[in-house]
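Note on naming: letters A, B, ... go to the chains in the order of the sequence lines (proteins, then strands), and numbering restarts at 1 for each one. Excluded from the calculations below are hydrogen atoms, water molecules and symmetry mates; all remaining heavy atoms, backbone and side chain alike, are included. Model, not experiment: these values are computed from the prediction.
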Number of protein chains: 2
Amino acid sequence: MAGAHTLAETERQVNERLAGMTIDFKAMAITSNLFRAATAVRNHLERTVLAPHGLSWTAFVVLWVVWIWEPIETRQIAEEGGFSKATLTGVLSTLESRKLAVRKKSKDDGRLVLVELTPAGRKLMQELFPEFNQQEQFVANAVDASNRDDAAEVLRRITKNIEENA
Amino acid sequence: MAGAHTLAETERQVNERLAGMTIDFKAMAITSNLFRAATAVRNHLERTVLAPHGLSWTAFVVLWVVWIWEPIETRQIAEEGGFSKATLTGVLSTLESRKLAVRKKSKDDGRLVLVELTPAGRKLMQELFPEFNQQEQFVANAVDASNRDDAAEVLRRITKNIEENA
DNA sequence: ACAAAATCGTTTGGTTGCTAACAATCTCAA
DNA sequence: TTGAGATTGTTAGCAACCAAACGATTTTGT
């Protein structure tokens, strides 16, 4: 899936292990390289941008989503960020304790909680996001400029296929 | 980064939010689609294959690595899987308690722990992995057959760029 | 109008994730 | 040979992660 051995080495060893089975190595290469790349990129962004600001990946995603769409309901943040409402409860508590975000009860629906950034939270995002985008550029540099739209499109198709056919 | 809004909607809203800042939207599209795809694929594989067998993603990765390379040292498993030795300690405890893997002290170096699968662990992987690969095929179907090597190569380049230049 | 069903965010319990610290063990340099 | 330095897996403490359960609220169907 990731690490120390190359995919070729893994393939050879898998062949030994799975004598007689039919394995689609091209499909395996797509998924394992997808995870490798996503992990490497995430680690890189965490190390270079988020950790110096004391933020976890998820805390950053929450801050980003709230920053772009505030005020926003917690269920929407969870959906946008791709994690559960239960997880969001914990992360929001952390962000509230750090005075970066606040929860407000919805006036229209007694079940809902709305989230906004504090001025400190907004200031942090204004400072942080250009750095983040700069490192996104570093990441994207590995892809030919003429190929970036295609690369993004392939990834988009992978996601869409799952959302529509799974 | 993920979720309910399209990237175009996000881009529009970001433009409003970030009036005056220079944002590389192509780079952003690469990274955000990478995370979306990796999350979608991982969730899909977890839901269709791993959860029915009561396995977490990381437990599966550990089982896979041990299955392919056993007997293997714990530090190698952690490196191969891309997580910390501390995390592995917890996951191995879970797998041992489920009688899928065993730890053995190394004869050559008193610090090392070697891991092997139990017969039940091997049986599970033999049953599980073809299912997993089948869903990998489902995932890869979103990519044109003529384009799969290129797609894997782009992802490989993204990872390599970070490993070599960060 | 009213009860059942659905939805919400939080809590609970268990697991995964990390860093830092630690004891045990090995390696290296003097 | 011996002590310093490096490496190992585990522990401790904290945060993130989930599903299930829960109380509060809203929606739906009769």
Handout entry: N/O (side chain, B/T94) to phosphate O (OP1/OP2, C/dT15) under 4.0 Å
Key =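 So the side-chain polar atoms of B/T94 never come under 4.0 Å of the phosphate oxygens OP1 or OP2 of C/dT15.
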
Between [X] (side chain) and [Y] (backbone), is there a donor-acceptor pair under 3.5 Å?
X	Y	value
B/Q135	B/L45	no
B/T118	B/K99	yes
A/R148	A/A140	yes
A/N33	B/V154	no

Taking side chain to side chain donor-acceptor pair (under 3.5 Å) as the test, write out the residues that go with [X], two or more places apart.
X	value
A/R157	none
A/E70	A/R122
A/R111	A/D109
A/E153	A/R156

Exercise for the section: Just call it for B/T89: base, sugar-phosphate, or nothing, with non-hydrogen atoms closer than 4.0 Å on any strand. Expected result: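 Touches a base.
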
Practice task
Give the first and the last nucleotide of DNA chain D, reading 5' to 3', that has any atom under 4.0 Å from a heavy atom of chain A.
Solution key: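 The contacted stretch runs from D/dA16 to D/dT26.
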
Mind calculating the distance between [atom1] ([X]) and [atom2] ([N]) to the nearest angstrom?
X	N	atom1	atom2	value
A/E73	C/dT7	CD	P	14 Å
A/L112	C/dT10	CG	P	11 Å
B/R111	C/dT27	CZ	P	6 Å
A/L92	C/dC8	CG	P	16 Å
A/E79	C/dT7	CD	C1'	14 Å
A/E96	C/dG9	CD	P	14 Å

Exercise for the section: Please tell me which of A/S93 and A/D109 maps to the more 5' nucleotide of DNA chain C, matching each residue to the nucleotide holding its nearest heavy atom. Expected result: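 Closest to the 5' end, via its nearest nucleotide, is A/D109.
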
Fill in the blank from the handout: Readout for nucleotides 17-22 of chain C: B = base within 4.0 Å of protein heavy atom, S = sugar-phosphate only, - = neither; 5' to 3' it is BBB---

Practice task
Please work out whether the ring planes of A/W64 and A/F60 are parallel, tilted or perpendicular, with thresholds of 30° and 60°.
Solution key: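 It falls in the parallel class, under 30°.
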
Practice task
Could you check A/D108 against B/G90 and say which one's nearest nucleotide on DNA chain D is further toward the 5' end?
Solution key: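 Residue closer to the 5' terminus by nearest nucleotide: B/G90.
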
Practice task
Select from A/G110 and B/R103 the residue whose nearest nucleotide in DNA chain D is closer to the 5' end of that strand.
Solution key: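 Closer to the 5' end of DNA chain D: B/R103.
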
